[in-house]
Amino acid sequence: MIVAKKELLIKSIALAGSSLQLVISVIITVLYVQLRQTGTTDQFLFQSSYVWFAPLKIYFSSGIDGISLAMILMTALVVLAGVLVSWKINKQVKEFFFLLIVLSLSAYGFFITTNLFVMFFFLELAVIPKFLLIGMWGSGRKEYSSMKLALMLMAGSALVFLGMIGLFYASGMQSWDIQDIAKLNIPIATQRVLYLLLFTGFGVFTAMFPFHTWAPDGHSSAPTAASMFLAGISMKLGAYGCLRVATYLLPGAAQELSWIFIILASIAIIYGAFATMMQKDLKYMNAYSSVSHVGFIILGIAMLTKVAITGAVMQMVSHGIMTALFFAAIGMIYDRAHTRQANELGGMLKQIPFIGTAFIISGLTSLGLPGFSGFVSEMTVFVGSWERAGIFYRGATILAAASIVVTAVYILRAIGFAIWGNITNKEFLKLKDATWSERTATVLLVVGILIIGLAPFLFVHLINLDTTTIYQKLISNVLVH
Amino acid sequence: MEQVPLSHILILSSALFFLGIYGFFSRRNMITMLMSIELILNSANINFIAFNKYLFPHQLEGVFFTMFIIVVAAAEVSLSIAIIINLYRRFNTIDIEDTTTMKY
Amino acid sequence: MDNVLLFRFEIIIAALILMLLVMSLRDFNTKVTAFLGTMNVLLLVNFLIGWLPMYTGSYFSGFFRTTDLIVFEKNILNLGILLISLTSYQWLKKSEHRLEFYFLMLSSIMGVFVMLSSGHILMLYLGVEMSTIPIAAMSNFNLDEKRSSEAGLKLILSSAFSTGIMLFGISLLYGAVGNLSFDSVIANLHPDMLTLFAFTFILAGFAFKMSIVPFHLWTADVYEGSPIAVTNFLSVISKGSVVFVFLTILYQLFGGLKDEWLYAISILSILSMTVGNLFALRQQNAKRFLAFSSIAQVGFVLVGVAGASVMGSTSVVYFILIYLLSNIAAFGVIGAMADSTGSESLQSFKGLYKSNPFYALFMVVALFSLAGVPPVAGFFGKLFLLTAGMNSKLYVLLGFAGVNLVLSLYNYLRVVKYMFIDEAVTTVPPLQRNRQLTIALVTCTIGLLIIGFIPAIYQYIDQICRM
Amino acid sequence: MNASTVIFYVLGSLVLIFGAMTVFSQKIFRAAVYLLFSLISVAGLYLLWDMDFIAALQIIIYVGGIVVLIIFSIFLTQRSGEKLPPPIKKRLVWSGILTISGLGLTSWIVYNYLFSASTLPGVEPTVHNIGEQMLSYSKYGYVFPFEVINILLLAALVGSIVIAMKKKEIKPTDETTHITK
Amino acid sequence: MNSYELSSLLIVALPLMSFAFLVLLSKQLKPRVAGIIGTLTLATTAILTFYVAAGYFFGFGMENGAYVHHIALQFQWLKFSDNLSIDLGIVLDPISVALLIVITVVSTMVHLYSLNYMHGEEYFARYYAYLSLFTFSMLGLVMAVNIFQMYIFWELVGVSSFLLIGFYFTKPSAIAAAKKAFIVTRFADLGFLIGILILSHGAKTLDFFVMIQRLTQAGSPYLAHFTATSFLGLSTLSWALLLVFAGGAGKSAMFPLHIWLPDAMEGPTPVSALIHAATMVVAGVYLVARLFPIFAISAPDALLIIAYIGAFTALFAAVIACTQTDIKRVLAYSTISQIAYMMFALGVSGWGEGQTEGFTASIFHLFTHAFFKALLFLGAGAIIHAINSNEMKDMGGLRKALPITHITFLVACLSISGIPPFSGFFSKEAILSAASHSNMLVYYVGLFTSGLTAFYMFRLYFRIFWYKPVQDHHNHEKHTWAMNSALLVLVLGAAFAGLIPFGSFVSATGSPIILPFNPSFSVVPVSFGLIGIFLAYFFFSKESDRADKTVAYFGGFYRAAYHKFYIDEIYLFITKKVIFNLIGRPAAWFDRTVVNGILINGTAVVTEAGSEAIKPMQSGKVQSYAMFFLGGVLLLVALLFIQFM
C-alpha cells in the first residue's frame with residue numbers, strides 16, 4: 001500500500017513535470033513569436049552563455065530559433081504523452097520515470113544549445129537511458145536489441161564527435177559555437193571530411209540506411225514510452241544535427257556531396273517501405289516505416305533547397321508526433337492482447353474502439369492523409385525536392401513519392417489485419433478500452449498532428465526565417481580550395 | 001697508451017646483454033632466469049663504466065649509476081628470491097612453465 | 001625552511017614510514033580498528049597538507065625539483081592512496097600484514113613521488129624501482145594463495161626484465177649525451193640512431209609500467225592474482241604516476257624527438273586500445289576485466305599524449321584524476337562483492353541492482369565514467385583527450401579511438417547489463433557495508449558526477465600545465 | 001697490441017664464455033658457479049679500467065651477496081646436480097631469432113656511432129672522491145639518491161621478510177636510523 | 001463577403017461541422033438523432049447550393065456575356081516559396097456550381113435514404129459522420145482553387161471512400177475491397193502528384209486559374225520549354241497532364257485502373273450510390289474539365305489519348321456488365337462505362353468555335369448520370385433491403401412487391417438507355433453528336449456501347465421485376481418512407497434533368513453555347529437502344545433457356561467477360577507474386593541478412609574472432625611475455641628508424 005502510494009507520487013511528479021515542460025515550451029513559443037513580430041532578426045533568441053570549460057572554449061550557451069523551438073514543442077508533447085502512456089508501469093517505477101526525464105532533458109539540451117560540445121554532451125546523454133529502458137523494461141530479445149542500439153548510436157556519436165573536433169580545429173581552436181563557426185570559410189577539403197563524418201554520424205541517430213538496423217530491433221523490444229521516445233525524439237536529434245551542424249556549417253561540402261545522402265535516403269524510403277510491407281510484428285512494421293519516413297527528412301535536408309529543408313523540419317516534427325502516437329497505440333494493444341503479430345490480432349476496433357481509432361489515425365497520418373501532419377510535410381519535401389532540376393534529383397523525388405503507394409499498402413494491411421476484421425481470439429473479448437491516461441495521451445498527440453496538419457502556415461511561419469538563414473548560407477557559400 | 005676501441009667494449013656489453021636476454025627467454029627455472037637478469041644488468045654496468053672512463057671522465061655519473069644499479073639489483077634479487085621461495089611452498093616447483101594458473 | 005616545504009610530501013611519507021616501524025615495535029597493529037582508523041586519519045591529513053601553499057623549485061643539485069603541476073599530481077595520488085586505504089578496510093581487517101601493507105604502500109608512493117619530482121634519470125630509475133619492488137611484495141600478500149604468489153613472481157620477473165632493458169637504454173643514452181640530468185639531456189639531445197635506440201628502450205621500460213601493448217602482458221595476470229587492494233593500487237597509483245612521468249619524459253626530456261615518437265606513440269595507442277578492448281571482451285573475472293580495461297584506457301591516454309601540446313598534458317592529467325576515481329570505485333565494489341560472495345566473477349554481478357542497489361549504482365557510475373558516458377566525468381576526460389589528440393592531425397589514430405569508444409562501451413555495458421538487466425543466477429546477499437568503504441565510494445561517485453560540472457578543476461590544471 | 005688490450009680481450013671473452021655457460025648449462029648449481037665467474041670477470045674489467053671501488057662493490061655485493069643468495073635459494077628449492085628440464089623448442093627458435101636480430105641491430109648501431117668525448121679534465125674515481133660526492137648535496141652530490149635507496153632497501157627487506165617468513169612478526173633492524181630526514 | 005460567398009462557405013463548412021459533431025458525440029447521441037442531424041445539415045446545404053447556383057447563373061456569374069469564375073474565398077494555407085503555395089478557397093464557376101448541385105442533392109437523398117436503409121446498424125452515427133466527411137471532401141474538391149487543394153480533397157475523398165467501403169469492417173471481403181480501392185487510387189494519385197510537381201515547376205504556380213492562363217496564352221514564356229517534345233513523342237506538358245489524368249483515371253475507374261470499383265460495392269448500397277456512382281467517381285472527369293483549356297489548347301495529343309482510353313473503357317465495361325450476375329456489380333460496370341462516356345466526350349472536344357460541345361455534353365452527362373445512376377443504386381438498395389441478396393438468381397417478379405422501386409427503376413433504365421424524353425437521352429445524344437463531329441471511331445464505339453447499355457440495363461430490369469417470381473421476401477416496403485421519398489425525388493431528376501438547356505450554363509469558354517438537337521441524328525442511337533431493350537426482353541422477360549443457349553454460343557468470350565477479362569488476376573499476380581515476392585520479401589531478407597546480419601552483426605562476429613585470435617598472446621607465461629616485450633621494442637626501433645630516415 002505504501003509502495004503503491006509512493007509509486008503514485010512518483011508518477012504524479014513525472015506527470016506534473018512533463019506538463020510543466022509543455023506549458024513552458026508553449027510560453028516560450030509565445031514569447032518567441034512576439035519577439036519576432038517586433039522585428040527581432042537575430043538568428044537565435046533568448047541567448048545566454050555560461051562558462052563551462054573556458055580553456056577549451058566550451059560554454060553552456062543556449063539560443064532558440066524557430067527550428068529548435070518546433071523541436072522543443074514536439075519533445076514536450078511526446079514526453080508528456082510518454083509519461084501518460086506509461087502510467088501503468090509497476091516495475092521499478094522510480095527508475096523508469098527518472099530515465100524518461102533524463103531522456104527528455106537531453107533532448108531539450110540538445111535542441112537549445114548552440115555550442116557543439118554541449119550539443120554532443122546531450123546527444124550522448126540520451127544513449128544510455130535508452131539502453132537501460134529497453135533492457136530493464138523491454139520484452140523479447142531486449143538484451144541484444146538494447147546492446148545493439150547503444151553500440152550503434154555510440155558509433156554514430158563517435159563519428160559526430162570526430163567531426164565536431166574537426167570543426168573546432170577549423171575555427172582555430174577558438175570556438176565550438178555554431179554561430180561563430182558559421183562565419184568561417186572552411187577549406188573545402190576539410191569540409192568534405194567533416195561533412196561525411198557528421199552527416200553519417202548523425203545519420204546513425206536518424207536511422208539512415210544502412211545504419212538503421214538498431215531501429216527495428218530497438219523498437220520491438222522497447223517499452224512503449226521508450227519506443228515513442230526513440231522514434232519520436234531520438235531520431236530527430238540526429239536529423240536536427242544533420243541539418244544544423246552537417247549541412248548548415250559545411251555548405252560547400254553539402255553541395256558537393258549531398259548526392260550520397262540523397263541516394264541513401266531514396267533507398268531508405270523505398271526499401272524501408274518494402275521491408276515494412278513484409279513485417280508481421282506491428283512494432284517492427286512501424287520501426288521500418290520510420291526508417292522510410294525519416295528518409296524524407298534526410299532527403300529534404302540533402303536536397304538543399306529552402307522548401308525541401310522546410311519540409312524536412314516539418315517532417316521531423318510530424319514524424320515525431322505521429323510515430324509516437326503509432327507506438328502508443330501499438331503499445332496499448334500489446335499491453336492488452338499480449339501480441340503484436342498483425343495476423344494474431346483482429347477486431348480491435350470492435351473491442352477497443354478508442355485504441356483502434358488511434359491506430360487508424362496514426363496509420364492515416366503515416367500514409368500522408370491530408371488534414372494530418374504527414375501530408376503537409378511530405379508534400380513540402382516533394383515540392384522542395386522537385387525544385388532541384390536534373391534527372392538525378394527528379395528521379396530521387398519520384399522514387400520517394402512512389403513510396404506513398406507502398407506506405408498505403410502496409411498501413412492498410414495492418415489496419416485490415418489488426419484493427420478491422422472479426423475477433424479471432426476469445427481472450428480478446430475481455431479486453432478493456434483505453435484508460436484515462438492513455439486517452440489523454442492519445443488526444444494530445446492527435447491534437448498535435450491536427451494542428452500541423454490543418455494549419456501548416458503557422459508552422460511554416462515559425463521556421464521560415466531560420467530555413468531562409470540556412471538556405472542563404474548554402475547558396476552564398478564561397479569555396480576555399 | 002693504446003686503448004681498446006670503445007665499440008669493442010660496447011659490442012661485448014651488447015653480447016652480454018642479449019646473452020642474458022636469451023637466458024631469460026629460454027631457462028625454465030626461475031632462479032636461472034634471475035641469473036640471466038644479473039647478466040643483463042651487468043651489461044648495462046659495463047656500458048656505464050666504459051662511457052664514464054672513455055668519454056666523460058670529468059664526472060662520475062656512470063660510476064654512481066653503476067653503484068646504484070648494483071644496490072638496487074641486490075634488493076630486487078632478495079625480494080625475488082623471497083617470492084620464489086614462497087611460490088615454491090605453494091606450487092612445489094619453480095619451473096616457470098608450471099606457474100600458469102592465470103592466463104587468457 | 002623553504003627546503004623543508006619543498007620536500008613536504010616526501011617528509012610526511014617518510015615520517016609515516018618511521019611511525020609504522022615504531023608501531024610495529026609496540027605491536028600497536030593488533031588493535032585493528034584503532035590502527036586502521038589512525039592510518040586513514042593520517043592519510044587524510046597527509047592529503048590535506050598537500051593542499052597548503054607550496055614553494056616550487058629544485059634542490060639537491062637538480063636531482064629533485066617540484067612544480068605546481070607535480071604538486072597537483074602528488075595531491076591526486078595522495079587522494080588515491082587515501083581512498084584505496086578506505087576501500088580495502090575490510091580486507092585489511094582480516095589480513096595479518098596490514099602494517100606491512102601500509103609500510104610497503106607508503107614506500108611505493110615514496111618511490112612514485114621521487115619519480116615525479118626527479119630531475120635526473122638516475123632518480124627516475126630509482127623511483128621506478130622503488131615504486132615497483134614494494135608492489136611486487138604486496139601482490140604476494142595473500143600468502144596462502146597460489147595465484148597471489150604467481151602474481152608476485154610474474155611482476156618481479158617482468159619488471160626486472162623491463163628494468164634491465166631500460167637500463168641498457170639509459171646506459172646508451174649516457175654514452176650519447178654524457179650527463180643524465182634532465183637539463184643536460186634536453187640540451188644535448190640529437191635525433192640520431194643511438195639516441196633513438198636508447199630512447200626506445202627507455203620508452204619500453206615506462207610503457208611496461210603503464211602496461212601499453214605489447215609491453216602489457218604481465219598486467220592481467222598480476223591484477224588477477226593480487227589482493228584487490230593491491231590491484232587497485234597498481235591500476236591507479238602505479239599506472240597513474242607513470243602516466244604523469246611519461247608526460248615529462250616525452251614532452252620535456254625527449255621533446256626534441258617529438259617528430260619521431262609521435263608516430264610510435266600513436267601506434268602504441270592504437271594497439272593498446274584495440275588489444276585491451278578485445279581482451280576485455282572475453283573476460284569473466286572482474287579484476288582481469290578491469291586490467292584489460294585499464295590497458296585500453298591507457299591507449300586513450302596516449303591519444304591525448306600524441307596531441308603533444310599543453311592541451312594534451314592538461315587533458316591527460318585531468319583524465320588520470322577521473323580514471324583514478326572511477327577505478328577505485330569499481331575496485332571498491334568488486335572488493336565488497338568478493339568479501340561477501342567470495343567470487344570475483346562478473347557473473348556474480350548479475351541482478352546486483354535488485355539486491356544491492358547502492359553498490360550497483362556506484363559501480364555503474366564508475367563504469368560509465370570509464371566508458372566515457374555523460375554526464376559522468378569520464379565523458380569529459382575522454383573527449384578532451386580526443387580533442388587534444390586532434391592537434392597532431394593523426395586522423396587514423398582518432399578513427400581507431402572512435403572505434404574503440406564503441407568497443408569499450410560494449411565491454412562496460414556488458415557489466416551494466418549483468419547488474420541491471422539480467423536476473424541473478426544465485427541471489428546476491430545484501431553486502432556488508434562498512435563506513436570506510438561507503439565513504440570512499442561516495443567520495444568517488446560524487447567526484448565523478450560533479451567533476452565535469454566544476455570547470456575550475458580543468459582550468460586549474462590547464463593553468464599549471466601552461467607554466 | 002699491448003698488455004691491457006690483451007687482458008681486456010681475455011677478460012671479455014671470459015665474461016662471455018662464462019655468461020654463455022650460465023645460460024646454457026643444464027645443471028643449475030653449475031650455472032650459478034659460472035655466473036660467479038662471469039661476474040668476477042666483469043669485476044676484472046672494472047679493475048682494468050681503474051675503477052677499483054666499483055670492482056670492489058661488484059665483488060662484495062654480487063659475489064658475496066647476490067650469488068650466495070642465489071645458491072642458498074637453489075639449495076632451498078632444488079637438489080643440486082639435478083638436470084634442468086629441457087627448454088621448449090619453439091621458444092628457443094624465437095628467442096634465437098629475437099636475440100640474434102637484436103644483437104645484430106645493436107652492434108651495428110654502436111659500431112657505427114661516432115661518440116663525442118668530453119675534453120674536460122677528468123675526475124679520478126677514487127674512494128675519496130666517490131664518498132665525497134655521495135654525501136654532498138651541492139653540485140654532483142648524490143646524497144638524495146643515496147637516502148632514497150635506503151628506503152628502497154628497507155622496503156625490499158620488509159617485503160622479503162613478510163613473504164619468505166611464515167610468521168608475521170618482523171623485528172625491524174637498525175637500518176631505521178637511516179631514514180631520518 | 002456577400003451572402004453568396006457566405007453561403008458557399010457554409011456549403012463546405014456545414015458537412016464538416018456535422019462530421020466533427022457526429023464523431024465526437026457518436027456515443028452520446030441516439031442513432032436516429034444522429035441520422036436526422038446529418039440529413040438536415042445536408043438538406044440545408046442543398047438549399048444553400050440552390051441559392052448560390054441561382055445567384056451565380058442568374059446573377060453575378062455572368063460578365064460580358066460569359067460566365068467567369070468567381071473566387072468566393074481564398075487564403076494561403078501552406079506557402080512553399082514565393083510563387084508556390086497551397087491556397088485553400090472556394091471557386092464558383094459553371095462546372096463547380098453544376099457539381100455542387102449534383103453532390104448536395106444526391107448526398108441529401110442518400111442521407112435520407114440511409115435513415116431507413118441503415119436502420120439498426122451498430123455504428124449508425126459513425127456512418128453518418130463518414131457520409132458527412134465524404135460530402136465535405138467532395139465539395140472541397142469541386143470548389144478547389146488550387147491544384148494542390150484539389151489533391152488534398154482528392155485524398156480525403158479517397159479516405160472517406162475507404163472508410164465507407166470498409167464500413168462493415170468485420171467482413172473480410174469489405175476490408176479487402178476497401179484496401180483495394182484505396183491502394184489502386186493511391187497508385188493513380190502518385191501520377192497526379194508527379195503531374196502536379198511537373199506542372200508547378202513549369203507554370204511556377206499551383207493556382208488553377210493562373211496556371212490555365214499561363215499555359216494557354218500563345219507566346220507565354222512558361223510554355224516555351226514546356227511544349228517541346230521530351231519523351232516518346234509527347235511534350236513535357238502532355239506528360240504532366242497525362243500523369244494528372246492518371247490520377248483522374250484512378251478515381252474515375254478508367255481502364256486499367258478500374259478494378260477497384262466493382263469491389264467497392266462491398267460498402268453499404270447508399271454509399272455506392274453516392275460515392276461510386278454519382279460523385280466521387282466523376283472527380284476524374286471534373287479534373288480533366290478543370291484543366292480543359294490547357295489540354296485543349298496546349299496539349300491536344302493528351303486529349304486524344306484520353307478520348308481513346310475513354311472509348312475503350314466504355315465498351316470494355318459495358319461488355320463485362322452484360323455478364324455479371326450481382327446486380328450491384330452490373331451497376332458498377334455500367335458506371336465505369338458511363339464515366340468513360342464523359343471522359344471520351346471531353347477527349348473529342350476541342351477549343352475553337354463550335355468544337356467545344358463535347359465539353360458541355362460531358363458535364364451534362366455527368367449531371368444527368370448522377371441522378372439516374374443514384375436512382376438505380378438506391379433502387380437496387382431497396383431490392384437488396386427487401387430480399388437480402390445481391391444475386392440476380394434470388395430475384396424475379398418483384399413488380400408487385402416493390403411498386404415504387406419498380407417504377408423509379410424503370411425510369412432510370414430508360415434514361416440510361418437514352419430513350420427520349422428522359423434525361424439520359426439528351427446528354428448521351430450530345431456526346432455522340434460531339435464524337436461524330438470529331439472522331440468517327442470513337443463515335444462508333446460509343447454508339448455500340450449505348451446499345452449494350454440498353455441491353456444490360458434492361459437485362460437487369462427484366463430479371464429483377466419480371467422473370468420467374470421468387471416466393472420468399474421479407475421486408476415488403478415496410479418502414480421505408482425515407483427510402484421511397486428519396487427515390488421519388490431522384491426520379492424527377494432522372495426524368496426531367498435533360499430538359500435543362502445545359503449549354504447555356506456550362507461551356508468550355510464560359511460563353512453559352514447551344515447543344516445541337518437533331519432528330520435525324522437521334523434515330524440511330526435511339527434505335528440501338530431499342531434493339532438492346534428488345535434483346536433483353538427476348539432473353540429475360542420470362543424464365544427460359546434462351547440466355548443460357550446464347551451464352552453457350554459465345555463460350556470462351558463469355559467466360560472471359562464474366563471473369564472481367566482476368567484483369568483482377570493479373571493485378572493479383574503482379575502485387576502478390578511480383579511485388580511481394582520479388583521486391584518486398586527480398587528487401588526484408590536483405591535487411592535482416594545483409595544489412596543487419598553481415599554489416600552489423602558481422603562486425604560483432606569479426607570482433608569476437610579478433611578477440612579469439614589474439615588470445616594466445618596472453619599465455620600466462622612470463623618468458624613469452626618478455627619475448628613480446630623485446631619483439632615490441634625491436635619493432636619500435638625499426639619503426640623509428642624508418643621514420644627517422
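Below, chains carry the letters A, B, ... as their sequence lines are ordered, and counting in each starts from 1. Values below: all heavy atoms of this structure, side chains included; hydrogens, waters and symmetry mates excluded.
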Less than 4.5 Å to any heavy atom of chain C: does that hold for the side chain of [X], its backbone, both, or neither?
X	answer
B:S14	both
B:S13	both
B:I37	side chain
B:F17	side chain
B:Y88	neither

Roughly how far, to the nearest 0.5 Å, is [atom2] of [Y] from [atom1] of [X]?
X	Y	atom1	atom2	result
C:S148	B:M102	OG	CE	8.5 Å
B:I21	C:F168	CD1	CZ	8.0 Å
B:L41	C:T163	CG	OG1	8.0 Å
B:I69	C:L122	CD1	CG	8.5 Å
B:L87	C:N140	CG	CG	7.5 Å

[X] versus [Y], closest heavy-atom pair with distance:
X	Y	answer
C:F161	B:I40	CD1-CD1, 4.2 Å
B:F56	C:Y174	CE1-O, 3.2 Å
C:L153	B:I83	N-CG2, 3.5 Å
C:L180	B:F65	CD1-CE1, 3.5 Å
B:S80	C:I156	OG-CG1, 3.3 Å
B:M33	C:L157	CE-CD1, 3.8 Å

(Q) So which residue, C:G225, C:S149, C:S171, C:G164, ends up with the most heavy-atom pairs under 4.5 Å with chain B? (A) C:S171
Q.
As an exercise: rank C:R288, C:E129, C:E224 by heavy-atom pairs under 4.5 Å with chain B and give me the winner.
A. C:R288
**Q.** Residues C:Y125, B:F68; criterion ring-ring contact (aromatic ring centres under 6.0 Å, His included); working and verdict
**A.** CA-CA 9 Å; C:Y125 164 67; B:F68 284 110; 8.7 Å; no
**Q.** Residue selection (most heavy-atom pairs with chain C, distance under 4.5 Å) from B:L34, B:N52, B:L55
**A.** B:N52
Q.
Please classify the contact of C:Q283 with chain B as side chain, backbone, both or neither, using a heavy-atom distance under 4.5 Å.
A. side chain
(Q) Strictly distance-based, threshold 3.5 Å: is any side-chain N or O of B:E76 a donor or acceptor partner for the main-chain N or O of C:A160? (A) no
(Q) Taking C:E150's backbone N and O only, do any of them form a donor-acceptor pair with B:R90's side chain (distance below 3.5 Å, no angle check)? (A) no
